[in-house]
Amino acid sequence: MHLPEFEALGLAPHCLDALAHEGYEKPTPIQAQAIPPLLQGRDILGCAQTGTGKTAAFALPTIQHLMANKVKHEKYKARALVVAPTRELAIQIDASFAAYGRGAGLKRACVYGGVGKVPQIKAMERGVDVLVATPGRLLDLRNEGAIDLSMVEIAVLDEADRMLDMGFIHDVRKIVALLPKKRQTLLFSATMPSEIEELARGFLRDPVR
Ligand code: AMP
């Protein structure tokens, strides 16, 4: 199947194949707006609710970057990090990376609280392309030496306003402080209260809105 509107955004054939497999025909507005600047390596401040297709908007350019710049995986390190407020959302995002990264052979890990750590530590052992995590468990495993954020190339903070409401903002600040200075950062939020604007000013570099 030919997907000219997705192709025009600059997506690579492996992404187009995955989209065709999902049955998507054309980009949603946030995908059309976010994918081209993300492929150029720009930071993004996205005001978007769930259901707008924002997961594909950040996952597709991330996958394309990872595939185009392959490096050897290193113990406990992740190349892309997505931080999400809840276990349900983290699992859903990880499943989206599996779907949109179909055939790309991405190594993934998904970590969240309320379950045993051992399988999550095992998943990180040889390093991953994409780590999706909730804030508390991410910091726990990092403090135990099972997650190393020093090589993250792309960081996504999803549903930032919910993280604020749930009291995770302090953890989010700690996580961002552990990331390399040179990185691409994406922040998505359904609402933009002043606290989120302020976070964005601190975390993002000349973001596209
Ligand atoms: P999200 O906002 O990322 O949670 O996505 C909401 C839903 O829209 C998910 O079920 C996606 O599979 C679906 N979706 C995302 N992008 C598209 C698209 N371009 N065409 C059709 N469905 C889509």
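Counting starts at 1 for both ligands and their atoms, following the listed order.
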| request: Decide whether the shortest distance between a heavy atom of K26 and an atom of ligand 1 is less than 4.0 Å. | output: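 Yes, K26 has a heavy atom closer than 4.0 Å to ligand 1.
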Closer than 4.0 angstrom, basic N to acidic O: yes or no for [X] and [Y]?
X    : Y    : answer
D206 : R42  : yes
R201 : E195 : no
K107 : E74  : no

Which of the atoms of ligand 1 are close to [X], meaning less than 4.0 Å from one of its heavy atoms?
X   : answer
T55 : 1 (P), 3 (O), 4 (O)
T50 : 2 (O), 4 (O)
T52 : 2 (O)
F6  : 19 (N)

| query | Do G53 and ligand 1 have an N or O pair less than 3.5 Å apart? | reply |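 There is such a contact, yes.
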| Heteroatom proximity flag, Q31 to ligand 1, N/O under 3.5 Å |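 Between Q31 and ligand 1, an N or O pair is found under 3.5 Å apart.
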| task | Give a yes or no on whether atom 7 (C) of ligand 1 lies under 4.0 Å from any heavy atom of the protein. | result |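 Within 4.0 Å of atom 7 (C) of ligand 1, no protein heavy atoms are found.
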| request: Please check atom 4 (O) of ligand 1 for a protein heavy-atom neighbour under 4.0 Å. | output: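 So atom 4 (O) of ligand 1 has protein heavy-atom neighbours under 4.0 Å.
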| query | Please state which protein non-hydrogen atom is closest to atom 21 (C) of ligand 1 and give its distance, to 0.1 Å? | reply |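 The answer is Y24 CD2, 3.5 Å.
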| task | Pick one of side chain, backbone, both or neither for how F188 approaches ligand 1, counting any non-hydrogen atom pair under 4.0 Å. | result |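 For F188, no heavy atom sits under 4.0 Å from ligand 1.
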| field | Atom pair CD (Q64) and NE2 (H14), whose distance is rounded to the nearest 0.5 Å | value |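 With rounding to 0.5 Å, CD (Q64) is 5.0 Å from NE2 (H14).
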Ignoring hydrogens and geometry beyond distance, is a side-chain donor-acceptor pair present between [X] and [Y] at under 3.5 Å?
X    : Y   : answer
R102 : H21 : yes
N69  : H65 : yes
T52  : Q31 : no

| message | Show, in sequence, the C-alpha distance, side-chain angles and deciding distance for K26 and E7, and conclude whether the salt bridge (charged side-chain N to carboxylate O under 4.0 Å, His left out) test is met. | response | CA-CA 10 Å; K26 58 189 180 67; E7 197 176 353; over 6 Å; no
